[in-house]
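What follows is a short report on a single structure.
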Amino acid sequence: MNQSEPLILLIEDDSQTRRFLKSSLSNRGWRIIEADCGKTGLALLKSDHPDCVILDLGLPDMDGISVTRRLRQLSDLPVLVLSARSQEQNKIMALDAGADDYLTKPFGSGELQARLQALLRRVSRSIGNFESFETGQLRVDLARRKVFIAENELRITPIEYRLLSILIRHAGLVVTHRQLLTEVWGAEHIHDQHYLRIYMGQLRHKLEINPARPRYLLTEVGVGYRLAADLE
Ligand code: CA
């Protein structure tokens, strides 16, 4: 096993899901350590120093939100939560408690690998010096706060730019309505989702070829928005 490959801590009580995750991740050379409950997971986090955590929200001993909060108190590691369709609300609470992204069961291995790659990139981005962002035709010069589609500079308002820069910081990952509203307008506006609809609509009109079928600014229904990363 290659020690330089990322070490992933998998906290999941369902052995079938664990088997599936193990086989699709080890195919890529990623290393895995497993826990079948929250307590063991948190112990492994401290003893084995993983690079990333995959956390099932339905665990036998602790609820997923408490595990997420505890993980966040202990580290800044990227956390991907796995939720069943019946756990919609828990998923949003876990994201607001600090999880970075989610996958709804059942999911495919392609989807899983794309999410993990975006997660691990978040880590290298927060360490590295990050001056510009590119995906598809979209290019953002973060040092000069300028936004381009192909070579054309767009006129972007300060609020639009703030929204875009938050999504860039989490490129490829979901950002909840609450996170966006809190960061741009302040905690007293967490229920003003119409602000987001208006400003995301404006941004889409500037960035997207077809705003009704966005390529960059994706809607995660009931949860938030995701900036597509790694587009050709
Ligand atoms: Ca479970």
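If you read the sequence from its start, that first residue is 1, and numbering goes on from there. In this text, all values refer to a predicted model and were calculated from it rather than measured experimentally. First listed ligand is number 1; within each ligand, the first listed atom is number 1.
Side-chain atoms of Asp192 do not come within 3.5 Å of backbone N or O of Tyr195 as any donor-acceptor pair. One N or O on the side chain of Arg204 and one on the backbone of Leu217 form a donor-acceptor pair closer than 3.5 Å.
Under 3.0 Å from the Ca ion (ligand 1) lies no N/O/S atom of Pro60, from backbone or side chain alike.
Ion pairing of Glu220 with Arg226 is present here, as a side-chain N (NZ or NE/NH1/NH2) and a carboxylate O approach within less than 4.0 Å.
Within Asp13, OD1 is the N, O or S atom that lies nearest to the Ca ion (ligand 1). Between the Ca ion (ligand 1) and the N, O or S atoms of Asp56, the shortest distance is to OD2.
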Side chain to side chain contact (heavy atoms under 4.5 Å, CB included) assessment of His49 paired with Leu7: CA-CA 8 Å; His49 310 291; Leu7 178 65; over 6 Å; no

